[in-house]
Amino acid sequence: MKKSNAINASFQPDSFEFTDPKAVKEIIGRYPQGREHSAIMPLLDLAQRQIAVTGPYGDLPIGGGWITRAAMDKIAEICGVAKIKIYEVATFYSMYNLEPVGKYLIQLCTTTPCWLCNANDIVKACTDHLGIKIGQTTKDGYFTLMEVECLGACTNAPMIQMNDLYYEDLTGEKMIEILESLKKDIIPPHGPQNGRRGSMAITGPTSLQEQAKKAGVL
Ligand code: FES
């Protein structure tokens, strides 16, 4: 998703506090003293997950996680760095949402391997079925569509990420089934959608068969 200028938007709340100071302490404690800035990324993730639970979501009735400017400023204070350092990290990575997103954030991979395996069908299924474009959120606050670069599951292309879950080996029809299920707040089983196991061939393992037998997958 194109990073917007949401950092200065009117819907930004004035303040932010972490509701789980223990979690903050645990994250800071992972790094040597004087290296608190190493905690920037996990703290951004913590803030995003907290806001997913507690709001606010701007105009949306329900919503997923995003990181407010106040949260970024709080992280700068905790890590003892300039605010701009936090803004730089948060605006660089697509996994940090800088404005409210829907309850179900659909990240569509359109990089070459997914594109070659008909990622365009998946994009079309989502945009047609939800009636929104990439970068938009449905009026009910349920879905946001976002285009992303390779999510590292190319073997099982085409694929999407829905919140924290991967859905792989997709077709347009399967994508619509997933959206329909989410509309009812039923999370469909994630992973490959064509019956294969992990990223092995659909007919089963073709190499390392002895090991596969030992692992009980043959
Ligand atoms: S190109 Fe889509 S997961 Fe790698």
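Both backbone and side-chain heavy atoms feed into the values below; hydrogens, waters and symmetry mates do not. Note that this is a predicted model, so its numbers are computed, not measured.
Note that the OH atom of Tyr87 and the NZ atom of Lys83 stand 5.5 Å from one another [nearest 0.5 Å]. One distance of note links CD of Gln107 with OG of Ser94; it measures 6.0 Å at 0.5 Å rounding. How far OG of Ser181 is from CE of Met162: 9.0 Å, rounded to the nearest 0.5 Å. The distance from the OG atom of Ser15 to the CZ atom of Arg69 is 11.5 Å, given to the nearest 0.5 Å. Here the OG1 atom belonging to Thr68 is positioned 12.5 Å from the CG atom belonging to Asn97, to the nearest 0.5 angstrom. The structure places SG of Cys79 at 5.5 Å from CD1 of Ile86, a figure rounded to the nearest 0.5 Å.
When all heavy atoms are compared, the tightest approach of Ala201 to Thr206 is CB-CG2, 4.1 Å. Nearest heavy atom pair, residue Met159 against residue Cys114, reads N-SG, 3.6 Å. Nearest approach of Cys150 to Cys109, heavy atoms of both residues: CA-SG, 3.7 Å. Minimum interatomic distance between Leu43 and Phe18 (heavy atoms only, all atoms of both residues): O-CZ, 3.8 Å. Nearest heavy atoms, Thr127 versus Lys133: CG2-CA, 4.2 Å. Contact between Ile75 and Ala47 at its shortest, heavy atoms only, is CD1-CB, 4.4 Å.
Judged purely by atom type and a 3.5 angstrom limit, Gln193 uses its side chain to pair as donor or acceptor with the backbone of Pro189. Using a distance-only test at 3.5 Å, with no hydrogens or angles considered, no donor-acceptor pair links the side chain of Gln48 to the main chain of Leu98. Remark: side-chain polar atoms of Asn156 are paired, donor with acceptor, to backbone N or O of Gly198 under 3.5 angstrom. Of the possible donor and acceptor atoms, none in the side chain of Glu77 sits under 3.5 Å from a partner among the backbone N and O of Asp73. In terms of modelled atom types and a separation under 3.5 Å, the side chain of Gln12 and the main chain of Ala6 share a donor-acceptor contact. Under the 3.5 Å distance criterion, the side-chain polar atoms of Gln161 are matched with a main-chain donor or acceptor of Asn163. The main-chain N or O of Asp121 is never found under 3.5 Å from a side-chain atom of Asn118 such that the two would form a donor-acceptor pair.
Using a 4.5 Å heavy-atom cutoff, the side chains of Ile178 and Leu170 are in contact.
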Could you walk me through whether Thr137 and Thr144 pass the side-chain hydrogen bond (donor to acceptor under 3.5 Å, both in side chains) check? CA-CA 4 Å; Thr137 299; Thr144 296; 2.7 Å; yes

Step by step, work out the side-chain contact (heavy atoms from CB on, under 4.5 Å) result for Leu208 and Lys213. CA-CA 9 Å; Leu208 301 173; Lys213 261 186 215 156; over 6 Å; no

Show the numbers, then the answer: is there a side-chain hydrogen bond (donor to acceptor under 3.5 Å, both in side chains) between Tyr104 and Asp185? CA-CA 9 Å; Tyr104 300 116; Asp185 285 320; 2.6 Å; yes

Decide side-chain hydrogen bond (donor to acceptor under 3.5 Å, both in side chains) for Glu147 and Thr110; before the verdict, give the C-alpha distance in whole Å, the side-chain angles of both, and the deciding distance to 0.1 Å. CA-CA 7 Å; Glu147 185 175 22; Thr110 54; 2.6 Å; yes

Evaluate Tyr93 against Asp45 for side-chain hydrogen bond (donor to acceptor under 3.5 Å, both in side chains), listing each step before the verdict. CA-CA 11 Å; Tyr93 293 101; Asp45 183 65; over 6 Å; no

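Side-chain heavy atoms closer than 4.5 Å link hydrophobic residues (I, L, V, M, F, W, Y) into clusters, and following such links, possibly through other members, connects Ile84 to Ile78. Both Tyr142 and Leu165 are assigned to one and the same hydrophobic cluster, defined by single-linkage of ILVMFWY side chains at heavy-atom distances under 4.5 Å. A continuous path of hydrophobic side-chain contacts links Leu179 to Ile62 [ILVMFWY only; heavy atoms under 4.5 Å]. Hydrophobic cluster membership is shared by Met41 and Val24, with clusters built from Ile, Leu, Val, Met, Phe, Trp and Tyr side chains linked at under 4.5 angstrom. There is a path of hydrophobic side-chain contacts, each under 4.5 Å, that joins Ile160 to Ile187.
Heavy atoms of other residues, nucleotides or ligands lying less than 6.0 angstrom from NE2 of His190 number 12 at most. In this structure, Lys85 places its NZ atom where only 12 or fewer heavy-atom neighbours from other residues, nucleotides or ligands lie under 6.0 Å away. For Glu149, the CD atom counts as loosely surrounded, since its 6.0 Å shell holds 12 or fewer non-hydrogen atoms of other residues, nucleotides or ligands. The number of heavy-atom neighbours closer than 6.0 Å to CG of Asp14, taken from other residues, nucleotides and ligands shown, is 12 or below.
Trp66 pairs in a ring pair (Phe, Tyr, Trp, His ring centres under 6.0 Å) with only one of the listed residues (Phe11, Tyr96, Phe16), which is Phe11.
Legend: residues meeting ring-ring contact (aromatic ring centres under 6.0 Å, His included) with Tyr166, ordered by chain and number and at least two apart, are absent.
With respect to Lys103 and Asp140, no salt bridge is recorded, no charged nitrogen being found less than 4.0 Å from a carboxylate O. Taking the charged nitrogens against the carboxylate oxygens, Arg30 and Glu26 do have a contact shorter than 4.0 Å, which makes a salt bridge. Salt bridge present: Asp164 and Arg49 bring a charged side-chain N and a carboxylate O closer than 4.0 Å.
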